[in-house]
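Heads up: the structure comes next, in structure tokens.
Order of listing sets the numbers, starting from 1, for every ligand and every atom in it. A quick note: this is a predicted structure, and the numbers were derived from the prediction, not measured.
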Amino acid sequence: MRAAARAEAFFQDIVARNAGEPEFHQAVSCLFESLVLLLERAPHYADAALIQRLCEPERQVIFRVPWQDDLGAIHVNRGFRVQFNSVLGPYKGGLRFHPRVNLGIVKFLGFEQLFKNALTGLPLGGGKGGADFDPKGKSDAEVMRFCQSFMTELYRHIGPDVDVPAGDVGVGVREIGYMFGQHKRLTNSYASGAITGKGLSWGGSRVRKEATGYGLAYFVSEMLDARDLAFDGCKVIVSGAGNVALHTIEKVHQMGGTVIACSDSSGYIVDEQGIDLEALRTLKEARRRSIHEYATLVPSARYRADGSVWDVPCDIALPCATQNELDETAARTLVKNGVRIVAEGANMPTTPEARRYFRSAGIPFAPGKAANAGGVVTSALEMQQNASRDSWSFEDTDERLATLMRNIHERCIGTAEEYGRPGDYVLGANIAAFKKVADAMIALGII
Ligand code: NDP
């Protein structure tokens with residue numbers, strides 16, 4: 001059977017085995033689009049049910065999370081941990097607390113994480129988890145009780161050499177603190193390496209909080225450099241206003257670009273003078289308020305509740321909010337308005353149609369598994385510091401992050417060139433990451 005037909009048969013099998021999980025199908029399908037080229041040259045990767053094994057998580061844990069609110073009412077949420085693949089190292093990947101979390105979303109995130117981690121070149125497997133819990137509008141005490149209950153089940157599945165969770169949407173240093181505290185009580189050990197994204201005074205790493213956003217900016221800087229361009233004078237749009245978005249904005253400004261628009265789940269703001277990061281931080285980080293208040297704090301800004309942030313003309317577009325936030329219509333608008341580079345800070349924020357449109361229009365497009373790997377890279381640096389009971393300076397850690405992002409960029413473009421598609425970051429990332437995982441799986445026998 002020809003490679004394309006084999007890949008399609010594998011894909012149909014995966015859709016049938018994982019019914020009702022569209023995000024997972026989407027992530028698998030994106031990988032398979034690239035694999036066709038690899039299978040033409042190296043058909044052995046399709047033998048021994050290797051691809052089917054790769055697409056089946058090693059373990060999936062689903063559990064009840066009961067907790068009590070401040071008024072004494074009892075609630076029940078559903079917790080998840082999908083341990084996708086540990087062939088390269090302990091499972092590693094964040095926890096997401098959001099009302100829309102379900103098994104399919106956790107599986108898509110775990111699948112992406114596996115290949116992202118492989119692309120970093122670090123000894124990490126892939127996993128992801130979370131709960132359909134919404135921290136928004138909850139008191140600190142409620143969030144603490146939820147996190148403690150969540151960890152009361154999760155702790156038996158994780159550990160520094162087994163599975164190392166971190167943060168993601170809805171899980172920041174506050175939630176990590178409550179979970180780490182409960183893990184410490186339950187295991188009677190200060191297992192720093194059991195979770196990353198910790199606070200600095202209790203085992204965290206410098207730059208971890210900033211890492212995904214900084215890493216994205218470093219990656220884009222490599223993309224620009226490869227085209228004899230620079231951030232200087234570029235207008236940039238960053239969607240979202242959470243951890244990834246805020247630190248992307250900070251680093252882009254430091255590197256000479258101007259972020260003129262960003263968004264949250266209520267709408268978007270445009271500020272041609274450049275987003276005032278301190279005002280945005282106060283609003284979103286300290287006060288956890290809606291972005292529309294930014295326009296009342298900063299007179300040069302305007303707020304829009306309708307339309308799309310991608311309607312704003314820019315040179316560089318960095319989707320940093322959530323999955324499938326940038327569709328084909330938005331892609332067409334961006335290209336019409338002259339966008340020159342697109343790179344994903346979020347996980348799978350671009351729909352397949354939009355991604356294909358950027359490719360057909362010749363726009364350099366970096367997928368999240370390459371461009372947003374800075375978070376997991378710095379989590380690995382946190383694990384190294386925990387294991388050696390060490391603490392590195394901000395500059396040292398930041399320099400390592402920048403180097404690792406440069407290496408990922410090189411891996412992507414090198415592989416894309418080797419497979420006859422220079423500049424195709426999606427193809428380069430997918431093939432380089434897949435080969436790393438697949439070769440290790442072949443070496444370790446039928447597992
Ligand atoms: P946060 O929860 O800190 O922030 C998410 C932001 O996106 C919030 O500002 C939220 O708005 C906004 N948002 C949500 N939905 C929409 C939407 N439809 N349109 C516009 N804005 C929206 O999450 P993170 O910044 O940590 O994560 C963002 C993305 O990056 C996710 O895909 C995550 O998986 C990925 N990622 C995160 C890493 C990390 O280290 N944190 C590492 C690698 C990837 P509101 O404030 O209104 O809720």
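Residue Leu280 holds its CG atom at 9.5 Å from CG of Leu297, rounded to the nearest 0.5 Å.
Salt bridge present: Asp70 and Arg145 bring a charged side-chain N and a carboxylate O closer than 4.0 Å.
Tyr357 has its side chain out of reach of Leu334: every pair of non-hydrogen atoms, C-beta onward, lies at least 4.5 Å apart.
A ring-centre distance under 6.0 Å is found for Tyr190 and Phe180.
Side-chain polar atoms of Asp132 and Asn102 form no donor-acceptor pair below 3.5 angstrom.
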Worked verdict on Phe111 versus Phe84 for ring-ring contact (aromatic ring centres under 6.0 Å, His included) = CA-CA 7 Å; Phe111 189 76; Phe84 224 104; 5.6 Å; yes
Please tabulate, line by line, the atom pairs linking an N/O of ligand 1 to a protein N/O at a distance below 3.5 Å, with the distance in Å to 0.1, or answer 'none'.
residue: ligand 1; atom: 2 (O); partner: Gly170; partner atom: N; Å: 3.4
residue: ligand 1; atom: 3 (O); partner: Asn243; partner atom: N; Å: 2.9
residue: ligand 1; atom: 9 (O); partner: Ala241; partner atom: N; Å: 3.0
residue: ligand 1; atom: 9 (O); partner: Gly242; partner atom: N; Å: 3.3
residue: ligand 1; atom: 11 (O); partner: Ser265; partner atom: N; Å: 3.2
residue: ligand 1; atom: 21 (N); partner: Asp264; partner atom: O; Å: 3.4
residue: ligand 1; atom: 25 (O); partner: Asn243; partner atom: N; Å: 3.2
residue: ligand 1; atom: 25 (O); partner: Val244; partner atom: N; Å: 2.9
residue: ligand 1; atom: 32 (O); partner: Arg96; partner atom: NH2; Å: 3.4
residue: ligand 1; atom: 32 (O); partner: Asn347; partner atom: N; Å: 3.1
residue: ligand 1; atom: 34 (O); partner: Arg96; partner atom: NH2; Å: 2.9
residue: ligand 1; atom: 34 (O); partner: Asp168; partner atom: OD1; Å: 2.6
residue: ligand 1; atom: 34 (O); partner: Asp168; partner atom: OD2; Å: 3.3
residue: ligand 1; atom: 34 (O); partner: Asn347; partner atom: ND2; Å: 2.8
residue: ligand 1; atom: 40 (O); partner: Arg208; partner atom: NH2; Å: 3.4
residue: ligand 1; atom: 40 (O); partner: Thr212; partner atom: OG1; Å: 2.7
residue: ligand 1; atom: 46 (O); partner: Lys284; partner atom: NZ; Å: 2.9
residue: ligand 1; atom: 47 (O); partner: Ser265; partner atom: N; Å: 3.1
residue: ligand 1; atom: 47 (O); partner: Ser265; partner atom: OG; Å: 2.4
residue: ligand 1; atom: 48 (O); partner: Lys136; partner atom: NZ; Å: 2.8

